[in-house]
Structure formats: C-alpha cells, structure tokens
Amino acid sequence: MGESKENLLIFGATGYIGAYILREILKNKDSFGRIAIITSPGTAENKSEQLQNLKSEGVEVFVGDVTNPTDVLNAFKVISTVGRNVLAEQINWIQLAESIPSVTRFFPSEYGTDIDYNPQSVHEIPHQLKIKVRAALKATSSLNYTYVVTGPYADGQMLAYLSALAESARVIGTYDVKAKSATLIEDGKGKISFTTPKECSVGKLVVKALLYPEASNKRALKVNSFTTTPADIVAEFEKQTGDKWTVTYTSLAQLKELEAAAWENKAPLAPIYTLRRIWAEGGTLYVKRDNSLIDAEDNMETLADAVRDAIITQRSGTQATDTRKLA
Ligand SMILES: NC(=O)c1ccc[n+]([C@@H]2O[C@H](COP(=O)([O-])OP(=O)(O)OC[C@H]3O[C@@H](n4cnc5c(N)ncnc54)[C@H](OP(=O)(O)O)[C@@H]3O)[C@@H](O)[C@H]2O)c1
C-alpha cells in the first residue's frame with residue numbers, strides 16, 4: 001500500500017462521472033486527508049442543494065473561475081473529471097500545478113477509450129484534446145500522473161452504451177428496453193470491455209489507483225468491470241425482461257460511412273459515432289487488463305448487474321439528455 005492521507009481536489013465533481021467518483025472517494029474518506037471540489041459559479045447556483053449535501057459530508061467546496069484556480073490548487077492532489085467541453089483547460093491547470101511544489105499528482109479527465117491503443121489512435125478526432133493533455137503531463141518534471149482508461153460505460157443513461165437512442169441514431173447501436181429491440185454492429189459477436197459507472201466501478205478504480213501510486217504512476221491504467229459481446233448483452237436483456245427482443249444489424253462499413261457524414265455535417269453526436277466504431281473494432285481489448293496492479297480484480301460488477309441497472313434507468317425515464325454526455 002502506498003502513501004495515504006493525500007488531500008484531494010476534484011474538478012468536475014458534480015458532473016456525470018465526477019459525481020460517481022466523488023461518491024466512492026467519500027466512502028473511503030478515512031484513507032484521505034482533505035477532500036475538496038472546485039466548481040463553477042453557475043453550478044454553485046444551479047446545484048446548491050447537491051453542494052450543501054457534499055459540505056455536510058465534509059467536502060470543501062471552492063466556487064471559482066476554473067481558468068484561474070491558482071490559490072485553490074495549493075496543497076492538493078488533483079483529480080479532473082471535467083467534461084469534453086473543457087478538456088483543454090486542464091493544460092493550464094497542469095502548468096500551474098507544476099509550479100506549486102505541494103501538488104505532486106494529477107489524474108486528467110480520461111475514464112474512457114484508450115487514446116493510445118494502436119498507431120491509428122493518434123488520428124482519431126475525439127482523442128485530440130486528451131492527447132494534448134497527456135503531452136502536457138509528460139512535459140512536466142515534478143508531477144506524477146495516472147490515466148484511468150475504463151472503456152465505454154455499461155450504463156443506460158442517454159447516449160451511454162446501454163441506452164435507448166433516438167430513432168435517428170439507433171443505427172449506431174442501441175438497446176431499447178421499452179421497445180424490446182436492439183441494433184448491433186456487424187454480427188454483434190465482437191468483444192468489448194466495459195466499466196460500470198453506477199455502483200461506482202469507475203469510482204472504485206480511481207480510489208484504488210490513488211491508494212496504489214507505485215503501480216499507477218506515469219502510466220495508463222487499462223481497467224474494466226467485464227468483457228462481453230453485444231450479442232451476449234441482448235441475451236442478458238432477454239433473460240432479465242423475460243421476452244425475445246427484435247435485433248437488427250448495422251455493418252461496420254455502414255457505420256464508417258455514417259461516421260464520416262456525421263463529421264462532415266458537424267453533427268453533435270459525431271464523436272459518439274467514432275467511439276462506437278472504435279469499440280466495434282476491438283479498441284478496448286487488451287491481452288491483460290491492469291485491475292490486478294491496483295488490487296481491483298475482484299468484486300467488479302458483471303454484465304447482469306449492468307443490464308439490471310440499465311433496465312431500471314430506462315424504465316424510470318430519468319436518462320440525462322445532455323449532449324455533453326459524450327463518451
Ligand atoms: N467511457 C465512457 O463511456 C464515457 C462516458 C461519458 C464521459 N466519459 C469521459 O468522462 C469524462 C467526464 O465526462 P462527463 O460526461 O462526466 O462530463 P460532464 O458531466 O459533461 O461535465 C463534468 C463537469 O465538467 C465541468 N464542465 C463541463 N462543461 C463545462 C463548460 N462548458 N464550462 C465549464 N465547466 C464545464 C462541470 O463542472 P462544474 O459544473 O462543477 O463547474 C461539469 O459538471 C470525460 O473525459 C469523458 O470523455 C466517458
């Protein structure tokens with residue numbers, strides 16, 4: 001076990017994945033020192049109740065301009081879970097962090113697809129900002145860093161892998177609990193490795209990475225909850241809903257054409273088309289996952305857990321519709 005009682009500062013902690021990560025950090029708060037978040041004035045106003053609850057759990061809440069977090073950075077380890085819209089801002093934080101001796105570790109906002117999977121990865125449009133952030137970290141001399149690479153989320157939230165997509169987007173792959181139908185890419189038999197965000201597999205993996213610094217420093221940690229195929233996902237939905245589902249297929253070639261058109265038309269979902277194609281091509285599969293390096297091999301959620309949660313999410317109709325929820 002590595003050093004403990006680190007002071008943690010989290011950017012983006014009220015967002016989709018940040019909230020799950022913070023929840024798991026709080027479950028393990030005895031392992032850490034101060035736990036703080038920095039949030040924008042807009043969020044401080046719109047999510048005041050959520051912030052009040054966090055304060056009552058001992059979280060320090062800094063409201064500020066995320067373009068200039070100098071004072072706040074002092075004395076913390078930094079975990080960033082910011083959304084894709086503000087990924088580039090992290091480069092300023094990294095440079096600031098390097099100038100503050102007490103900041104020794106930085107977790108950039110990754111939590112998704114491996115942006116260094118193969119020689120083609122460097123050309124993928126959705127990876128570009130994360131690639132620049134990694135370069136900024138590599139250029140520092142005093143900071144340690146960890147890229148937590150989780151693969152896609154097995155989640156029923158809108159636009160996540162187990163969600164029911166709008167009619168116009170179903171062709172890129174969907175699982176619709178109400179319609180009992182699914183669209184799979186190619187023959188649906190290609191393996192994909194997933195991480196569950198609910199019940200905090202993502203959070204658990206980040207906490208473990210924090211607690212095992214020797215194993216996770218200056219590297220990508222390629223971790224996940226389980227590996228399965230889209231066809232097996234349908235089978236699990238059929239088992240849990242008790243009905244046969246209607247399944248249609250989109251070829252990889254067709255997905256690539258749709259992806260090109262989406263970028264051409266500057267469609268907001270273009271990054272999702274690309275990520276779906278990368279996942280269908282096997283871009284989340286590794287000879288060996290890194291869970292064992294951080295003592296996270298056991299008690300990961302299963303396909304059955306993820307499908308159960310997706311059914312609840314879809315039936316409750318509470319899926320977020322924010323188009324920032326891009327993988
Ligand atoms: N593997 C997957 O399937 C998957 C799925 C989704 C996301 N991800 C990855 O997870 C990471 C976090 O994504 P997310 O969906 O959780 O993010 P998000 O909910 O869209 O945003 C997280 C936080 O970032 C800050 N933020 C976002 N947009 C902003 C803007 N325009 N201006 C200022 N602040 C802004 C906000 O912080 P405050 O409100 O506190 O100021 C927000 O709560 C990303 O790196 C993303 O690529 C992966």
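Both counts, for ligands and for their atoms, begin at 1 and track the order of listing.
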> Should you measure from each heavy atom of Gly112, which atoms of ligand 1 turn up under 4.0 Å away?
Replying inline: 1 (N)
> Between Tyr145 and Tyr147, how do the two ring planes meet: parallel, tilted or perpendicular, split at 30° and 60°?
Replying inline: parallel
> Out of Tyr153, Phe194, Phe11, Tyr20, whose heavy atom is nearest to atom 2 (C) of ligand 1?
Replying inline: Tyr153
> With a 6.0 Å cut-off on ring centres, are Tyr161 and Phe194 close enough?
Replying inline: yes
> Going by the atom numbers of ligand 1, which of them fall below 4.0 Å from some non-hydrogen atom of Thr39?
Replying inline: 38 (P), 39 (O), 40 (O), 41 (O)
> Hey, is ligand 1 close enough to Ile17 that some N/O pair sits below 3.5 Å?
Replying inline: yes
> Considering only heavy atoms of Ser109, which atoms of ligand 1 have at least one such atom less than 4.0 Å away?
Replying inline: 11 (C), 12 (C), 44 (C), 45 (O)
>> What I want to know is whether Trp279 and ligand 1 share at least one N or O pair that is separated by under 3.5 angstrom.
In response: no
>> Could you tell me, atom by atom, which parts of ligand 1 come under 4.0 Å of a heavy atom of Gly151?
In response: 1 (N)
>> Looking only at side-chain N and O atoms, does Thr150 offer a donor or acceptor that is under 3.5 Å from a partner on Thr195?
In response: no
>> Donor-acceptor pair, distance only, cut-off 3.5 Å: does the side chain of Glu186 make one with the backbone of Leu252?
In response: yes
> For the side chain of Lys47 and the backbone of Thr14, is there at least one donor-acceptor N/O pair under 3.5 Å apart?
Replying inline: yes
> Any idea which atoms of ligand 1 are less than 4.0 Å away from a heavy-atom of Ser40?
Replying inline: 38 (P), 39 (O), 41 (O)
> Of the backbone atoms (N, CA, C, O) and the side-chain heavy atoms from C-beta on, which set of Thr43 has a member under 4.0 Å from an atom of ligand 1: side chain, backbone, both, or neither?
Replying inline: side chain
> Looking only at heavy atoms, is any part of Val82 under 4.0 Å from ligand 1, and if so is it the side chain, the backbone, or both, or is it neither?
Replying inline: both
> Thr14 to ligand 1: N or O pair under 3.5 Å?
Replying inline: yes
>> Please check: side-chain N/O of Thr174 versus main-chain N/O of Leu165, any donor-acceptor pairing under 3.5 Å?
In response: yes
> How far apart are the C-alpha atoms of Glu60 and Arg34, what are their side-chain angles, what is the distance that settles it, and do they pass the salt bridge (Lys or Arg N to Asp or Glu O under 4.0 Å) test?
Replying inline: CA-CA 8 Å; Glu60 295 173 55; Arg34 294 165 66 192; 2.8 Å; yes
> Going by atom types alone, do Thr274 and Trp263 pair a side-chain donor with an acceptor below 3.5 Å?
Replying inline: yes
> For the residue pair Phe32 and Glu6, what are the closest heavy atoms and their distance?
Replying inline: CB-O, 3.5 Å
> Which atoms of ligand 1 are found less than 4.0 Å from any heavy atom of Gly15?
Replying inline: 19 (O), 22 (C), 43 (O)
>> Within the 4.0 Å heavy-atom shell around Arg84, which atoms of ligand 1 are there?
In response: 47 (O)
> Would Lys204 and Glu24 pass as an ion pair if we require N to O under 4.0 Å?
Replying inline: no
> For ligand 1, which atoms have a heavy atom of Asn85 less than 4.0 angstrom away?
Replying inline: 28 (N), 31 (N)
>> I'd like the name of whichever of Glu110, Gln157, Lys130 reaches closest to atom 47 (O) of ligand 1 through any heavy atom.
In response: Lys130
> Which residue from Gly83, Gly42, Pro271, Pro41 reaches closest to atom 21 (O) of ligand 1 through any of its heavy atoms?
Replying inline: Gly83
>> With a heavy-atom distance limit of 4.0 Å, tell me whether Thr195 approaches ligand 1 through its side chain, its backbone, both, or neither.
In response: neither
> How about Arg105 and Ser216: does a side-chain donor come under 3.5 Å of a side-chain acceptor?
Replying inline: yes
>> Check for me, please, whether Tyr111 and Ile115 land in the same ILVMFWY cluster - side-chain distances under 4.5 Å, paths through other members count.
In response: no
>> I'd like the name of whichever of Val86, Thr150, Val133 reaches closest to atom 25 (C) of ligand 1 through any heavy atom.
In response: Val86
> So is Pro152 in contact with ligand 1, going by heavy-atom distances below 4.0 Å?
Replying inline: yes
